[in-house]
Amino acid sequence: TVEDVDKARVDGFTLEGKGRDAHFGIWCSSSALTVSNNVITGYHHGVGSESSRMIIENNSVFGNSNVGIQIEMAIEASISGNTVADNLDTGIRIAMSEDHVAVTNNSIVRNRLGIECIQSAPEIRRNTIEDNEIGVMSAQGASPDMGTDKNPGFNTIRDNGLHVMNMERRHTIQAKYNYWGSGEGPDTSSFEGKIDYSPWLAVDPLNVKPLGKLMTTWGRLKRDSKV
């Protein structure tokens, strides 16, 4: 437990709980905390925070009986580079956090809900969201940003029961420039509610070899210069 601490760090530990009776692997309240390079498993909630500044990076958070990572009333939060898998309810839950929450470069797989947004507006970029019952769920006034024309999503979202569920009927989720498992775009039956998913990506952006693309482009330039 970290409470009322200006700057703290939990780095490089293996934290293994004993199921539902072990409530939080790491709990943070009204503090600034970096959680990095840990293995967190077997708890009711793997990592939880309220009213804090959080950096959660490069952890393996799996096999928890409720939620992998939970952020509430965040002052600021960065959730990046984590593997969040096989949590029985939710991989990442963000609640009552309107601004300054970024979810980037995570692998979020085999949870009931991949990312759950409640009264929050996280920016969701460059994640793999795969094999969850619901990839991203938005409820109670939430407005997750999954990609816009000016700031593409570059997420890979595939093989979920539902890719995106938007329970906020007055709001359209922006989910542009993501890969939905096929170059033909998503199966629209994998959406519920208002989601703007077009345009989409025809290839997996997280499995592109930059050097190959560079060499292909360079070859075309060289070819065209001889014409």
Side-chain angles (χ1 to χ4, degrees), residues 58 60-62 67-69 79-94 101-118 120-139 142-220:
N58 303 324
S60 293
V61 184
F62 65 93
V67 179
I69 297 170
I79 304 169
S80 179
N82 303 283
T83 298
V84 184
D86 299 302
N87 300 286
L88 292 185
D89 189 53
T90 301
I92 299 173
R93 175 181 291 157
I94 302 164
V101 177
V103 181
T104 58
N105 294 304
N106 301 283
S107 178
I108 305 165
V109 298
R110 297 187 303 276
N111 309 280
R112 188 179 75 85
L113 306 178
I115 301 174
E116 182 182 12
C117 306
I118 302 170
S120 60
E123 183 178 273
I124 300 170
R125 296 292 186 278
R126 298 184 299 280
N127 302 281
T128 295
I129 304 170
E130 184 174 18
D131 286 330
N132 306 281
E133 289 186 27
I134 300 173
V136 178
M137 189 180 80
S138 175
S143 55
D145 172 4
M146 298 177 63
T148 65
D149 287 323
K150 293 184 178 180
N151 187 2
F154 293 137
N155 299 289
T156 293
I157 306 168
R158 61 188 173 196
D159 298 329
N160 303 286
L162 283 176
H163 291 326
V164 185
M165 176 183 284
N166 182 9
M167 299 179 70
E168 177 52 66
R169 302 306 182 188
R170 295 171 296 177
H171 176 74
T172 299
I173 293 176
Q174 296 297 303
K176 297 182 177 183
Y177 297 99
N178 296 297
Y179 178 66
W180 303 95
S182 169
E184 301 300 316
D187 179 349
T188 56
S189 67
S190 65
F191 296 131
E192 185 172 314
K194 297 178 180 178
I195 297 101
D196 188 354
Y197 58 84
S198 180
W200 60 80
L201 301 182
V203 296
D204 183 349
L206 306 179
N207 194 31
V208 171
K209 296 179 180 179
L211 181 59
K213 289 184 68 178
L214 176 63
M215 293 305 294
T216 299
T217 303
W218 177 241
R220 288 173 178 168

Check whether any side-chain N or O of N132 sits under 3.5 Å from a backbone N or O of R112 as a donor-acceptor pair, and report yes or no.
no
Should P186 and T188 count as side-chain neighbours, where that means a heavy-atom distance under 4.5 Å?
no
Salt bridge (charged side-chain N to carboxylate O under 4.0 Å, His left out) partners of D145, counting only residues at least two apart:
R125
I want to check something: taking the side chain as every heavy atom from C-beta on, are Y177 and D149 in contact at a cut-off of under 4.5 Å?
yes
Per the side chain to side chain donor-acceptor pair (under 3.5 Å) rule, which among D131, N87, D89 passes with N111?
N87
Are any non-hydrogen side-chain atoms of I69 and V84 less than 4.5 angstrom apart?
yes
Where A85 and R110 come nearest, the two heavy atoms and their spacing
CB-NH2, 4.1 Å
Hey, what do you get for CZ (R126) to CG (N106), rounding to the nearest 0.5 Å?
10.5 Å
Could you grab the distance from atom CD of E130 to atom CG of N160, nearest 0.5 Å is fine?
7.5 Å
Can you check whether I134 reaches H163 side chain to side chain, under 4.5 Å on heavy atoms?
no
Does the side chain of S143 reach to within under 4.5 Å of the side chain of I173, using non-hydrogen atoms?
no
Just by distance, with hydrogens left out, do E116 and T90 show a side-chain donor and acceptor under 3.5 Å apart?
yes
Calculate, to the nearest 0.5 Å, the distance between atoms CD1 and CZ belonging to I118 and R93 respectively.
5.5 Å
Do the side chains of S120 and P144 get nearer than 4.5 Å, heavy atoms only?
no
Given V103, I129, N82, the one that forms side chain to side chain contact (heavy atoms under 4.5 Å, CB included) with I92
V103
State, with a plain yes or no, whether a side-chain heavy atom of V136 is found less than 4.5 Å away from one of M165.
no
In Å and rounded to the nearest 0.5 Å, what is the OG to CE distance from S138 to M146?
10.0 Å
For the residue pair P122 and I94, what are the closest heavy atoms and their distance?
CB-CD1, 3.7 Å
Any I124 side-chain heavy atom under 4.5 Å of F154 side chain
no
What's the spacing between T128 OG1 and D204 CG if we round to 0.5 Å?
6.5 Å
What side-chain donor-acceptor pairs closer than 3.5 Å can you find for residues 193-202, not counting sequence neighbours?
{"residue": "K194", "atom": "NZ", "partner": "R169", "partner atom": "O", "Å": "3.1"}
{"residue": "W200", "atom": "NE1", "partner": "G183", "partner atom": "O", "Å": "3.2"}

Atom CD1 of I157 and atom CH2 of W180: how far apart are they, to the nearest 0.5 Å?
4.0 Å
Please check this pair: side chain of S190 against backbone of D187, looking for a donor-acceptor N/O pair closer than 3.5 Å.
yes
